[in-house]
Amino acid sequence: MLATTALVSLSWVHAIEPKSGYQWLSEEAREMQDDEFANPGYLVVDTGRDYFKKAGDNGKSCASCHGNDGEELNAKSIAMFPKFDEQAQRPITLQGRIHACSREHLGNAPMKYDGKKAIALETFVRNLAKGERVNVNTVGPIAPFVRKGKAYFETRRGQMDMACAHCHVYYVGVRLRAQILSKGQLNGFPTFRLANQRVNGTHSRFRQCENLLRSRYGKAGADEYVNLELYMMSRGNGLKIETPAVRY
Ligand code: HEC
Ligand code: HEC
């Protein structure tokens, strides 16, 4: 389905070893990411912390159950999202879990997927696991969803008739306008993008790339994007979480 045999063998080495997008950043962008005072993503971590402590419609806050600064949440467990949700019998993203807690445990009205508030909470929570290694389970009942996500990643789409894999597996390291193609890893998400000057969720980033391909893209939170996030996060197993990362 993908490219030619020559391309496949050339990129075989690329394909097996996960590498963070950090690898392809300029020195300046790396310094910005590494300095909590220079990295604008930390403003969103702070906003998320405020929401975390704020009482919901039933008077409880996230902090009531998970500790004032989230210290009752387990960093290793956060690094395992997306996980299989036994109740729903399908995968759930970290943000999906936060939406569920907000509705069920705070009695709040649903938040918009990848909306400002949900992104702030997700950025705060995932930052608690910064430095932990991505550790997504891909076997057992979750396996068929991983396969669906992989198929999405490898299917040509849009007027450009290209798959995610073309750029993020086969053309890794190639310059596209001002940017160098990375492996499209998710270990830095939500990420602060220099291009749009805000913190972006994974599904919003998927939409931005689909827009580039002139593809009809899905909605943030849609099942296909949950499967895609699951597959893409799992192909980064072993990478350290960098949230909030700085990217182009
Ligand atoms: C009334 C208590 C309660 C409140 C309030 C609450 N949660 Fe939870 N939260 C839970 C329980 C219970 C679980 C475990 C659910 C499960 O695994 O099925 C959970 C799971 C989670 C997880 C996944 C943890 C893991 O390791 O898998 C995250 C992240 C989380 N909550 C974030 C939040 C956020 C953010 C808020 C506020 C919007 C919130 N929670 C509010 C009880 C609560
Ligand atoms: C025509 C080439 C191209 C294709 C095809 C493409 N992207 Fe991208 N993508 C880019 C560029 C350019 C960037 C910014 C530089 C980088 O990190 O690779 C990017 C970045 C990303 C990132 C951010 C990586 C990080 O470290 O923050 C993700 C995630 C991503 N793309 C997902 C996708 C998905 C999902 C698809 C398929 C729907 C896709 N891309 C298809 C060009 C492409």
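What you see is a predicted model, and the numbers here were worked out from it, not measured in a lab. Indexing begins at 1, ligand by ligand and atom by atom, following the structure's order.
- Evaluated by nearest non-hydrogen atom to atom 12 (C) of ligand 1, the leading choice among Arg103, Arg126, His105 is His105.
- Counting only distance, with no hydrogens or angles, the side chain of Ser182 and the backbone of Gly184 share a donor-acceptor pair below 3.5 Å.
- A cation-pi arrangement is present between Lys117 and Tyr51, with the terminal nitrogen or guanidinium carbon under 6.0 Å from the aromatic centre and inside a 45° cone about the axis.
- Between Val199 and Gly41, the shortest heavy-atom contact is CG2-CA, 3.9 Å.
- Every atom of ligand 2 with a heavy atom of Phe206 under 4.0 Å away is listed here by number and element: 35 (C).
- Of the protein's non-hydrogen atoms, Arg97 NE, 3.6 Å is the one closest to atom 20 (C) of ligand 1.
- Of all heavy-atom pairs between Asn187 and Met233, the closest is N-SD, 4.5 Å.
- Protein heavy atom nearest atom 29 (C) of ligand 1, with residue, atom name and distance: Leu94 CD1, 3.7 Å.
- Numbered from 1 in the order shown, with element, the atoms of ligand 2 that lie under 4.0 Å from a heavy atom of Leu212 read 3 (C), 42 (C), 43 (C).
- With a 4.0 Å cut-off on non-hydrogen atoms, Phe189 touches ligand 2 through its side chain and not its backbone.
- Considering all non-hydrogen atoms of both residues, Ile241 and Ala129 come closest at CB-O, 3.6 Å.
- Counting atoms of ligand 2 from 1 in the listed order, those under 4.0 Å from a heavy atom of Gln185 are 24 (C), 25 (C), 26 (O).
- Residue-ligand proximity, Ser61 to ligand 1, at heavy-atom distances under 4.0 Å covers atoms 5 (C).
- Listed by number with element, the atoms of ligand 1 under 4.0 Å from a non-hydrogen atom of Leu106 are 5 (C), 37 (C), 38 (C).
- For ligand 1, the polar-atom distance check against His66 finds a nitrogen or oxygen pair separated by under 3.5 Å.
- Between His66 and Phe52, the ring-plane angle classifies as tilted under the 30° and 60° cut-offs.
- Among the atoms of Cys101, an N, O or S atom falls under 2.8 Å of atom 8 (Fe) of ligand 1.
- Under 4.0 Å from ligand 1, not a single heavy atom of Asn108 appears.
- Residues Arg90 and Asp223 are paired through a salt bridge, judged by an N-O separation under 4.0 Å between the basic side chain and the carboxylate.
- For Asn74, no nitrogen or oxygen atom sits less than 3.5 Å from a nitrogen or oxygen atom of ligand 1, counting backbone and side chain alike.
- The closest protein non-hydrogen atom to atom 26 (O) of ligand 1 is Ser77 OG, 2.4 Å.
- By the criterion of a heavy-atom distance under 4.0 Å, both the backbone and the side chain of Leu181 are placed next to ligand 2.
- Not one N, O or S atom of Cys167 sits under 2.8 Å from atom 8 (Fe) of ligand 2.
- Ion pairing between a basic and an acidic side chain is recognised when a charged N comes within 4.0 Å of a carboxylate O; Arg207 and Asp114 show no such pairing.
- Listed by number with element, the atoms of ligand 1 under 4.0 Å from a non-hydrogen atom of Cys65 are 1 (C), 2 (C), 3 (C), 4 (C), 5 (C), 43 (C).
- Of the polar atoms of Ser102, none of the N or O atoms is found under 3.5 Å from an N or O of ligand 1, judged by distance alone.
- For atom 34 (C) of ligand 2, the closest heavy atom belonging to the protein is Cys164 SG, 3.4 Å.
- Geometrically, Arg177 does not engage Tyr248 in a cation-pi contact defined by less than 6.0 Å to the ring centre and at most 45° from the axis.
- Protein heavy atom in closest approach to atom 24 (C) of ligand 1: Leu73 CD2, 3.9 Å.
- For ligand 2, the atoms closer than 4.0 angstrom to any heavy atom of Leu186 are 29 (C).
- The proximity of Lys83 to ligand 1, defined as any non-hydrogen pair under 4.0 Å, is limited to the side chain.
- In the vicinity of Leu228, heavy-atom distances shorter than 4.0 Å reach the ligand 2 atoms 35 (C).
- Minimum heavy-atom separation, Val146 to Ser234: CG1-OG, 4.3 Å.
- Residue Ser182 has at least one nitrogen or oxygen atom sitting less than 3.5 Å from a nitrogen or oxygen atom of ligand 2, judged on distance alone.
- Near Leu176, meaning under 4.0 Å from one of its heavy atoms, ligand 2 places the atoms 12 (C).
- With a 4.0 Å heavy-atom cut-off, ligand 1 is reached by the side chain of Phe81 but not by its N, CA, C or O.
- Taking the six-membered ring where the residue is Trp, Phe206 and His203 present parallel rings, their angle staying beneath 30° rather than reaching 60°.
- At a distance under 4.0 Å, a protein heavy atom can be found next to atom 8 (Fe) of ligand 1.
- Taking backbone and side-chain atoms together, His168 has an N/O/S atom less than 2.8 Å away from atom 8 (Fe) of ligand 2.
- Of all the heavy atoms of Ala163, the ones lying under 4.0 Å from any atom of ligand 2 belong exclusively to the backbone.
- For ligand 2, the atoms sitting less than 4.0 Å from at least one non-hydrogen atom of Ile180 are 15 (C), 16 (C), 18 (O), numbered in the order shown with element in parentheses.
- Polar contact with ligand 2: absent for Gln179 (N/O pair, distance under 3.5 Å).
- Of the heavy atoms in His166, none comes closer than 4.0 Å to ligand 2.
- Results of the side chain to side chain donor-acceptor pair (under 3.5 Å) test with Glu242 over Lys130, Gln185, Arg247 single out Arg247 as the only residue that passes.
- No donor-acceptor pair under 3.5 Å is formed between the side chain of Asn39 and the backbone N or O of Val246.
- Using a 4.0 Å cut-off between heavy atoms, Ser64 makes no contact with ligand 1 at all.
- Scanning all heavy atoms of the two residues, the minimum distance from Asn200 to Gln208 falls at OD1-NE2, 2.9 Å.
- Taking atom 36 (C) of ligand 1 as the reference point, the nearest protein heavy-atom neighbour is Cys62 SG, 2.8 Å.
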